[in-house]
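Before anything else, here's the structure in question.
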Amino acid sequence: MDESKEKLTDQEQVRQEKLASLKAKGIELYPYKFAKTHFLDEIVALYGLKSREELENEKIRVKVAGRIMTIRRMGRATFFHIANSQAKLQAYLREDVVGLESYRLFDLFDIGDLIGLEGTLFRTKTGELTVLIEKFELLAKCFHPLPEKWHGLQDVETRYRRRYLDLIMNPEVAKIFVLRSRMISLIRKFFDDRGYLEVETPMMQPIPGGAAARPFKTYHNALGIDLYLRIAPELYLKRLVVGGLEKVYEINRNFRNEGISSEHNPEFTMLEFYEAYCDYYDLMELTEELLVYLCQNLLGRDEIFYGDELISFKRPFARIKFKEALLQFSGLSPSRFEQPSEVISLAKNFSPEKGAITYGKALDIIFDKCVKPHLLQPTFVLNPPREISPLAKASRDNPEEAERFELIIAGMEIANAFTELNDPVDQRARFEQQAEARKSGDEEAHWLDLDYLNALEYGLPPTGGEGIGIDRLTMLLANRRSIREVILFPLLRPK
RNA sequence: GGCCCGUUAGCUCAACUGGUAGAGCAGCGGACUCUUAAUCCGCGGGUUGGAGGUUCGAGUCCUCCACGGGUCACCA
């Protein structure tokens with residue numbers, strides 16, 4: 001005990017002494033419950049607009065709890081604010097109301113403590129809704145001083161490592177996560193209303209499939225097998241479509257063993273949905289509908305600011321072919337575009353550390369560098385090379401292109417969708433091609449999944465499938481530049 | 001992983017070319033019964049991220065390390 005005891009700061013020492021005093025007075029330090037009549041935000045919602053006269057006449061008695069955030073002691077009366085992540089409320093403690101002994105007890109309370117109050121609502125001279133306290137009780141002591149009341153907690157590292165402190169101090173942070181939660185609820189409603197079935201597919205997979213990415217590896221002791229955290233649910237969801245679940249969606253985590261950046265967290269949340277008998281044109285319609293629906297319901301409009309940029313979700317979204325976008329933004333002439341060696345050497349300029357790359361891969365690199373950053377308004381980029389889209393059908397117009405689109409907004413890839421490849425013979429050939437790429441060192445190449453091929457051999461109906469990055473969508477709607485601002489506990493190196 | 005920037009009191013931030021490390025908030029003591037960044041008087045609080053080095057003297061300069069941010073690379 002002595003050895004593990006951390007050194008207390010002077011302020012922490014004071015708080016421990018206050019705790020001891022409370023205990024000595026027989027105060028219950030950690031009561032089992034508090035019979036509140038309302039949550040804080042309910043009080044603000046219900047009574048926040050009542051006039052002084054209404055409050056005076058109605059004598060509304062409440063029991064409410066929260067964390068003490070500020071204290072203004074003025075001799076025989078004290079004002080303080082209590083708050084939770086949603087709301088705050090002022091409280092007024094008077095010696096002549098609660099009595100001297102009780103009033104003195106409050107000297108042992110600090111900013112940060114959790115407190116339960118009982119009293120009546122009134123409005124102060126300046127018009128603020130306030131509880132006139134008749135009784136109060138400690139609900140939990142806070143052992144540490146809180147960050148500064150005016151600037152909040154600024155240090156980003158501490159904000160991410162101790163998100164609870166961030167949430168306590170910075171109300172706008174809580175708003176982001178409320179928005180995120182409401183967005184996910186709306187997505188569920190959107191798909192449920194359209195007859196989709198929400199499903200859960202394996203997070204631990206013997207063959208990690210459905211995306212080009214490096215997986216995390218783990219081991220199952222009893223079975224004695226390697227397993228991989230999923231990089232995508234795609235191949236399982238399509239098995240379900242084979243099984244006759246013709247409209248399915250899943251909102252869950254994917255794991256990719258790759259770098260961390262302002263747009264990448266190793267675990268991230270993905271919406272994937274599949275609808276039988278649809279193609280990617282149908283998906284574009286559905287995607288527009290979904291985004292407008294979310295934007296309208298969350299923000300009440302169809303335009304948002306992302307940084308300085310006004311993003312419009314007015315339908316229809318722009319559509320541009322992958323090839324045309326490249327010609328427009330990369331400076332490649334149509335004749336050079338057709339020359340694989342030219343394209344590959346240009347790509348190598350952007351990505352010198354990359355090993356041998358193919359024509360399709362090179363086009364993709366150039367797209368990322370030259371095109372994506374320019375696409376700020378919602379834009380469907382259609383028909384990337386088939387070679388880099390091994391799970392998508394070839395375009396009905398051009399066999400070298402995939403029937404696939406990526407939705408780019410604010411330079412970020414938000415969605416990726418295709419008319420699913422349902423020809424098992426073609427799919428086998430594509431897997432074999434990927435296996436070749438894997439052999440020549442491409443660690444992100446797709447794995448051969450024989451059971452998935454077997455499922456296709458039973459017949460996957462024509463199907464459209466799409467993935468939407470929930471974190472990035474939240475970034476967009478919450479106007480945040482870093483994915484860490486929309487993930488409660490982003491991955492950091494342990495300290 | 002490369003490059004750039006950051007790390008100072010519990011928190012938010014200062015400290016010119018190297019010369020005794022400061023302020024506000026928070027805390028402690030006192031005054032104060034409508035305050036709200038309460039106010040007024042007084043007080044305490046630091047291994048300047050860590051380890052070396054240069055120097056009479058290092059928060060400041062150099063090297064290495066740790067963590068974070070940005071950017072490029074890798075990657076959706």
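Letters go in sequence order (proteins before strands), and every chain restarts at 1. Because the structure is predicted, anything quoted here is derived from the model rather than measured.
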>> Rounded to whole Å, how long is the line connecting atom CZ of A:Arg104 with atom P of B:U33?
In response: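 The distance from CZ of A:Arg104 to P of B:U33 comes to 11 Å, rounded to the nearest Å.
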>> Between the base of B:A26 and the side chain of A:Gln11, is one N or O donor paired with an acceptor at under 3.5 angstrom?
In response: yes
>> If I take atom CG in residue A:Leu19 and atom C1' in nucleotide B:G27, what distance separates them, rounded to the nearest angstrom?
In response: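 Rounded to the whole Å, the gap is 17 Å.
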> Quick one: the side chain of A:Arg76 and the base of B:U33, do they pair up donor-acceptor inside 3.5 Å?
Replying inline: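 Result: no qualifying N/O pair found.
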> In the strands shown, is B:U71 matched to any nucleotide by a Watson-Crick or G-U wobble pair with both distances under 3.5 Å, and which?
Replying inline: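 B:G2 - that is the nucleotide pairing with B:U71, both distances being under 3.5 Å.
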> Crowded around A:Leu49 CG? As in, over 12 foreign heavy atoms under 6.0 Å?
Replying inline: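 Open.
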> If you look at every strand shown and take non-hydrogen atoms under 4.0 Å, does A:Arg15 touch a base, only sugar-phosphate, or nothing?
Replying inline: nothing
> When we call it a touch if two heavy atoms are under 4.0 Å apart, what does A:Gly152 touch: a base, just sugar-phosphate, or nothing?
Replying inline: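 Result for A:Gly152 = sugar-phosphate.
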> Given that A:Leu153 and A:Arg472 both sit by RNA chain B, which one's nearest nucleotide is further toward the 5' end?
Replying inline: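 Nearest-nucleotide comparison on RNA chain B picks A:Leu153.
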>> Check this for me: does the side-chain of A:Asp10 come within 3.5 Å of the base of B:G27 through a donor and an acceptor?
In response: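 Flag unset: no donor-acceptor pair detected.
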> With sugar-phosphate meaning primed atoms plus P, OP1 and OP2, does A:Ala213 contact a base, only sugar-phosphate, or nothing at under 4.0 Å between heavy atoms?
Replying inline: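 Since only primed, P, OP1 and OP2 atoms lie under 4.0 Å of A:Ala213, the category is sugar-phosphate.
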>> What is the separation between atom CG on A:Asn170 and atom C1' on B:U12, rounded to the nearest whole Å?
In response: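 Going from CG in A:Asn170 over to C1' in B:U12 covers 12 Å.
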> Nearest-Å distance, NZ (A:Lys149) to C1' (B:G27)?
Replying inline: 12 Å
> What integer number of Å spans the P atoms of B:G59 and B:C16?
Replying inline: 12 Å
>> Can you tell me which nucleotide in B:U35, B:U12, B:C67 comes closest to the side chain of A:Arg493?
In response: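 The closest nucleotide is B:C67.
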> Taking the same atom, P, in B:C61 and in B:A14, what whole-Å distance lies between them?
Replying inline: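 Taking atom P in both B:C61 and B:A14, they lie 16 Å apart.
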> If you check the A:Ser262 side chain, which of B:G69, B:C67, B:U71 turns out closest?
Replying inline: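 Of the options given, the side chain of A:Ser262 lies nearest B:U71.
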> If you measure from the P atom in B:A26 to the same atom in B:C11, how many Å do you get, rounded?
Replying inline: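 Between the two P atoms, the distance is 15 Å.
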>> Once you apply a heavy-atom cut-off of 4.0 Å, does A:Glu406 come out as touching a base, just sugar-phosphate, or nothing?
In response: base
>> Roughly how many Å apart are B:G42 and B:C5, using the P atom of each and rounding to a whole number?
In response: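 One P to the other, the span is 43 Å.
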>> Please pick, from B:U33, B:U12, B:C75, the nucleotide with the shortest atom-to-atom distance to any side-chain atom of A:Glu258.
In response: B:C75
>> Classify A:Phe80 by what it touches in the nucleic acid, base, sugar-phosphate, or nothing, heavy-atom distance under 4.0 Å.
In response: nothing
> Contact class for A:Arg484 (heavy atom, under 4.0 Å): base, sugar-phosphate, or nothing?
Replying inline: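 Sugar-phosphate, backbone atoms only, no base.
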> Does a sphere of radius 6.0 Å around NZ in A:Lys88 hold more than 12 heavy atoms from other residues, nucleotides or ligands, not counting ones at 6.0 Å or beyond?
Replying inline: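 It does not: A:Lys88 NZ has 12 such atoms or fewer within range.
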> Between A:Phe489 and A:Tyr160, does the ring centre distance come in under 6.0 Å?
Replying inline: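 They do not qualify: ring centres at least 6.0 Å apart.
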> According to the Watson-Crick and G-U wobble definitions, with both distances under 3.5 Å, which nucleotide is paired to B:U47?
Replying inline: none
> For the pair made of CG in A:Asp110 and P in B:C28, what is the distance, rounded to whole Å?
Replying inline: 6 Å
>> Is it the case that over 12 heavy atoms from other parts of the model lie below 6.0 angstrom from the CD atom of A:Glu172?
In response: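 It does: A:Glu172 CD has more than 12 such atoms within range.
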>> Taking only the C1' atom of each, what is the distance from B:C13 to B:U7 in whole angstrom?
In response: 13 Å
>> Between A:Arg104 and A:Glu101, does any side-chain N to carboxylate O distance fall below 4.0 Å?
In response: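 Between A:Glu101 and A:Arg104 there is no salt bridge, as every charged N stays at least 4.0 Å from the carboxylate O atoms.
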> Which value, in whole Å, describes the distance between the C1' atoms of nucleotides B:G30 and B:G49?
Replying inline: 38 Å
> Can we say A:Arg161 and A:Glu157 salt-bridge, meaning some charged N sits less than 4.0 Å from an Asp/Glu carboxylate O?
Replying inline: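 Result for this pair is yes, salt bridge flagged.
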>> Without decimals, in angstroms, what is the distance between A:Leu93 CG and B:U35 C1'?
In response: 13 Å
>> For B:U54, give the paired nucleotide (Watson-Crick: N1-N3 plus N6-O4 or O6-N4; G-U: N1-O2 and O6-N3; both under 3.5 Å), or none.
In response: none
>> Within the 4.0 Å heavy-atom criterion, would you say A:Asp155 contacts the bases, only the backbone, or no part of the nucleic acid?
In response: sugar-phosphate
> Looking only at atom types and distance, does a side-chain atom of A:Arg438 sit under 3.5 Å from a main-chain N or O of A:Asp442, one as donor and one as acceptor?
Replying inline: no
> Would one find a side-chain N or O of A:Lys18 under 4.0 angstrom from OP1 or OP2 of B:G27?
Replying inline: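 So the side-chain polar atoms of A:Lys18 never come under 4.0 Å of the phosphate oxygens OP1 or OP2 of B:G27.
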>> Distance check needed: B:U12 C1' versus A:Leu146 CG, whole Å only.
In response: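 In whole Å, B:U12 C1' and A:Leu146 CG are 14 Å from each other.
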>> Over all strands shown, is A:Gln154 touching base, sugar-phosphate only, or nothing at heavy-atom distances under 4.0 angstrom?
In response: sugar-phosphate
> Which one, B:U33, B:G68, B:C28, comes nearest to the side chain of A:Val14?
Replying inline: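 Taking heavy atoms from C-beta onward, the closest nucleotide is B:C28.
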>> Both A:Phe122 and A:Arg162 contact RNA chain B. Taking the nearest nucleotide for each, which residue is further toward the 5' end?
In response: A:Arg162
> Between the base of B:U35 and the side chain of A:Gln90, is there a donor-acceptor distance below 3.5 Å?
Replying inline: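 For A:Gln90, whose side chain was compared with the base of B:U35, there is a donor-acceptor pair (under 3.5 Å).
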>> Checking contacts here: which listed nucleotide (B:C67, B:G24, B:U71) is nearest the side-chain heavy atoms of A:Arg161?
In response: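 Nearest to the side chain of A:Arg161 among the choices is B:C67.
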> Counting only distance, no hydrogens or angles, is the base of B:C75 paired donor-acceptor with the side chain of A:His264 under 3.5 Å?
Replying inline: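 Indeed there is one.
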> Taking the side chain from A:Ser102 and the backbone from A:Gly99, do they hold a donor-acceptor pair closer than 3.5 Å?
Replying inline: no
>> Strictly by Watson-Crick or wobble contacts shorter than 3.5 Å, is anything paired with B:G22, and which nucleotide is it?
In response: B:C13
> What interatomic distance, in whole Å, is found between P of B:U8 and the corresponding atom of B:G69?
Replying inline: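 To the nearest whole Å, 16 Å.
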>> Using a 4.0 Å heavy-atom cut-off, does A:Glu128 contact any base of the nucleic acid, only the sugar-phosphate backbone, or nothing at all?
In response: base
> Does A:Arg94 have a side-chain nitrogen or oxygen under 4.0 Å from the phosphate oxygens OP1 or OP2 of B:U33?
Replying inline: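 A:Arg94 to B:U33 OP1/OP2: no side-chain N or O under 4.0 Å.
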> Paired with B:U39 by Watson-Crick or G-U wobble geometry, both distances under 3.5 Å: which nucleotide is it?
Replying inline: B:A31
> Who is the Watson-Crick or G-U wobble partner of B:A66, with both distances under 3.5 Å?
Replying inline: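 Across any shown strand, B:A66 pairs with B:U7.
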>> Closest approach to the side chain of A:Ile111, judged atom by atom: which nucleotide of B:U35, B:G27, B:C11 is it?
In response: B:G27
>> Of the listed nucleotides (B:G70, B:C25, B:C75), which one gets closest to any side-chain atom of A:Lys369?
In response: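 Looking only at side-chain atoms, A:Lys369 lies closest to B:C75.
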> Any sub-3.5 Å donor-acceptor pair from A:Lys372's side-chain atoms to A:Lys369's backbone N or O?
Replying inline: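 Checking the backbone N and O of A:Lys369 against the side chain of A:Lys372, no donor-acceptor pair under 3.5 Å is found.
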> How far does the C1' atom of B:A21 sit from the matching atom of B:A15, given to the nearest Å?
Replying inline: 7 Å
> Taking NZ from A:Lys125 and P from B:U35, how many angstroms apart are they, rounded to a whole number?
Replying inline: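 Nearest whole value for this atom pair: 4 Å.
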>> Under a 3.5 Å cutoff, is there a donor and acceptor pairing between the side chains of A:Tyr280 and A:Lys393?
In response: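 Absent: no donor and acceptor within the cut-off.
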